[in-house]
There are 2 protein chains.
Amino acid sequence: MFKKVIIAEDFEEFNLAVKQTLSDFDIVNFQHAKYCDDAFLKIRKAIQDNEPYDLLISDLSFKKDHREVKIGSGDELIQKVRELQPDIKIIAYSIEDKNARIKSLFEDSEINAFVLKGRNSIEELKKALNIISASDQKFISPEVASALQEKGNYEIDDVDIKILKYLSDGTSQDEIIEIFKSSDVKPNSKSAMEKRLSKLKDFFKANNTVHLVSITKDMGII
Amino acid sequence: MFKKVIIAEDFEEFNLAVKQTLSDFDIVNFQHAKYCDDAFLKIRKAIQDNEPYDLLISDLSFKKDHREVKIGSGDELIQKVRELQPDIKIIAYSIEDKNARIKSLFEDSEINAFVLKGRNSIEELKKALNIISASDQKFISPEVASALQEKGNYEIDDVDIKILKYLSDGTSQDEIIEIFKSSDVKPNSKSAMEKRLSKLKDFFKANNTVHLVSITKDMGII
DNA sequence: TTTCGGATTATGGATTTCCGTAAAATACTG
DNA sequence: CAGTATTTTACGGAAATCCATAATCCGAAA
């Protein structure tokens, strides 16, 4: 089982529950941070002191408040920590149930477990701890397990997302083209734009642009 | 202080924290429900048994799962409970920070307190308990207190919201008109529709329809 | 009843978006 | 290099939306 654990979580309710869970496993050496920045600093410090953490349990979304932060989301924190300390085990602990985001966590950041906050999350957290401490097996909450099986035929690239964001921001197609031209984004013709939009609408089964933006907003893509 | 409390909350982490808080106030007679339906039944039962609850602490959003439910959200639960037992005190306990929704809770459902889940929510929950148990004063978490001061010049009516919902659902303006005509919603001409949309865009400072839907989605109106 | 003000509806033209086709540019292959 | 495939760009007509103006309806007040 793990010896030294750090928790990145802004809500005290979840902090409390995680601490309780860790205690049940007789893990006493743990710390928590309410901001991603703090968590990252602690992890770096621990490495320097030659007493690294062997587990990070991190939330994904953190509330913004008065404080200025460098790392604003758990996704970023996880990414940075994975680079800094490749062998640390990571559990993402979140209410996020968007397939695309979960998939990317496993594939890009190589998290070891994803526990979905919900009616039985403490039980699942315990399962995750058991599994990933004993082996290199992954754990994912059953409610969202389908996220990984989903065929990753996401041909949606950065430009697509950029377009969607501009659209949802009230920019007209013509204006977006102008912006792309003046910032030398590769395809910047009216027709390329329209073709992309057409593909996107096809992909997301959207009837029109309004619908498309509505759908992608719901899916957490923009 | 309160004698008999019921909590409607699906996440066990929050349940745990609330129970802990109540214990700190020496409140021992409390129950919790993970589904709105259950909470409502318990409240009704308690009235019939002549031992009604004097406080409801309710979350607003509940995860959907396999189970079929009649009451799907805390907003509905609160509304129904307020009708059933007008003198019960109600605390909404949620991460919801959309002004429109909070305002409506105070004005339409006459909740007694709104506690925003966050980095210091337990402390705020305690404050809320103190204030509303001793008087008829309202409590609202400072981070969202501005929601109440907002000028309520919401001339946005049901039809507007219906239109926005249809739009975000991919329905074209013409199609919406057809729907309105066949279900005899009052204004159902092309121009009335366009005028309404124009007003909405004006009100929300939206550049176009896509922008409008995007904004109202973000505000939690649709 | 008449008049007024508002709300709804009608109309038409400007603008934007939609969608298919085709030309041009670029990449890839043998 | 020639030939093919893929991507990007160009163009044009159809459809939808945007916007201003004018006509109509309808209830309230004089």
Side-chain angles (χ1 to χ4, degrees), chain A residues 151-219 221-222, chain B residues 152-218 221-222:
Chain A
K151 54 189 180 304
N153 291 342
Y154 266 37
E155 308 125 7
I156 298 167
D157 62 17
D158 280 356
V159 179
D160 289 318
I161 292 176
K162 215 171 252 187
I163 292 174
L164 289 170
K165 279 190 177 154
Y166 274 120
L167 280 177
S168 83
D169 220 49
T171 321
S172 81
Q173 297 181 14
D174 285 343
E175 286 168 339
I176 296 176
I177 291 165
E178 288 312 310
I179 293 172
F180 278 11
K181 275 182 181 162
S182 60
S183 60
D184 65 352
V185 178
K186 293 178 297 183
N188 53 17
S189 77
K190 203 172 168 119
S191 6
M193 178 75 176
E194 289 169 346
K195 187 161 287 182
R196 280 191 118 90
L197 271 177
S198 170
K199 280 218 171 194
L200 285 169
K201 274 180 274 192
D202 192 53
F203 187 82
F204 289 110
K205 303 203 189 358
N207 298 339
N208 51 46
T209 309
V210 175
H211 197 192
L212 175 66
V213 169
S214 174
I215 290 172
T216 49
K217 260 182 119 73
D218 280 339
M219 291 183 67
I221 296 177
I222 54 175
Chain B
N153 293 342
Y154 267 33
E155 308 125 7
I156 298 166
D157 63 17
D158 280 356
V159 179
D160 290 317
I161 292 176
K162 215 173 252 186
I163 292 173
L164 289 171
K165 279 189 177 155
Y166 274 120
L167 280 177
S168 83
D169 219 48
T171 321
S172 80
Q173 297 181 14
D174 285 344
E175 286 168 338
I176 297 176
I177 291 165
E178 289 311 310
I179 293 172
F180 278 10
K181 275 181 179 162
S182 61
S183 60
D184 65 352
V185 179
K186 293 179 297 184
N188 53 18
S189 76
K190 204 174 166 114
S191 5
M193 178 76 176
E194 289 169 345
K195 186 163 288 184
R196 279 190 117 90
L197 271 177
S198 170
K199 279 220 171 195
L200 285 168
K201 275 180 273 192
D202 192 53
F203 186 83
F204 289 110
K205 304 202 189 355
N207 297 338
N208 51 46
T209 310
V210 175
H211 198 191
L212 175 65
V213 169
S214 174
I215 291 172
T216 48
K217 258 183 121 72
D218 280 340
I221 295 176
I222 54 176

Tightest non-hydrogen contact, residues A/Leu212 and A/Leu197, listed as CD2-CD2, 3.8 Å
How long is the line joining CG of B/Asn208 and P of D/dA16, in whole Å?
18 Å
Of the candidate nucleotides C/dT17, D/dT9, D/dT17, which contains the atom at the shortest distance from the side chain of B/Gln173?
D/dT17
Find the distance B/Asp157:CG to C/dA7:C1' and express it as a whole number of Å.
13 Å
B/Ile177 has an atom CD1; how far is it from atom P of C/dT11, in whole Å?
14 Å
Chi angles and distances behind the side chain to side chain contact (heavy atoms under 4.5 Å, CB included) call for B/Asn207, A/Thr171
CA-CA 7 Å; B/Asn207 297 338; A/Thr171 321; 6.0 Å; no
Which nucleotide in C/dT9, C/dC18, D/dC18 has an atom nearest any side-chain atom of A/Leu197:
C/dC18
Can you tell me if the side-chain N/O atoms of B/Asn188 get under 4.0 Å from OP1 or OP2 in C/dT9?
yes
Of all the choices, D/dT9, D/dC18, C/dT8, which nucleotide is nearest to the side chain of A/Ser189 once you look at every atom?
D/dT9
In plain terms, say whether A/Lys190 and A/Asp174 are close enough for a salt bridge, that is, a side-chain N and a carboxylate O under 4.0 Å apart.
yes
Separation of atom NZ in A/Lys190 from atom P in C/dA24, rounded to whole Å
20 Å
Under a 4.0 Å N-O cut-off, is there an ion pair linking B/Asp218 with A/Lys217?
yes
Donor-acceptor pair present, B/Ser191 side chain and C/dA10 base, under 3.5 Å
yes
Assign A/Ser172 to base, sugar-phosphate, or nothing according to its heavy-atom contacts below 4.0 angstrom with the strands shown.
sugar-phosphate
Rounded off to whole Å, could you give me the CD1-to-C1' distance for the A/Ile176 and C/dT17 pair?
12 Å
Is B/Arg196 salt-bridged to B/Asp157, going by a charged N under 4.0 Å from an acidic O?
yes
I want to verify a distance call: between C/dT9, D/dT17, C/dC18, whose nearest atom is closest to the B/Lys195 side chain?
C/dT9
Rounded to whole angstroms, how far apart are NE2 on A/His211 and P on D/dA16?
17 Å
Looking at C/dT17, D/dA10, D/dC18, which one has an atom nearest to any side-chain atom of A/Thr209?
C/dT17
In whole angstroms, the gap separating C1' of C/dT16 from CD of A/Glu178 amounts to 15 Å
Nearest-Å distance for atom pair CD/C1', residues A/Glu175 and C/dT15:
13 Å
Please pick, from D/dT17, D/dC11, C/dT9, the nucleotide with the shortest atom-to-atom distance to any side-chain atom of A/Glu194.
D/dC11
According to a strict under-4.0 Å criterion, is A/Lys201 in side-chain N/O contact with OP1 or OP2 of C/dC18?
yes
Sorted by position of nearest nucleotide on DNA chain C, 5' first, the leading residue of A/Leu167 and B/Lys181 is B/Lys181
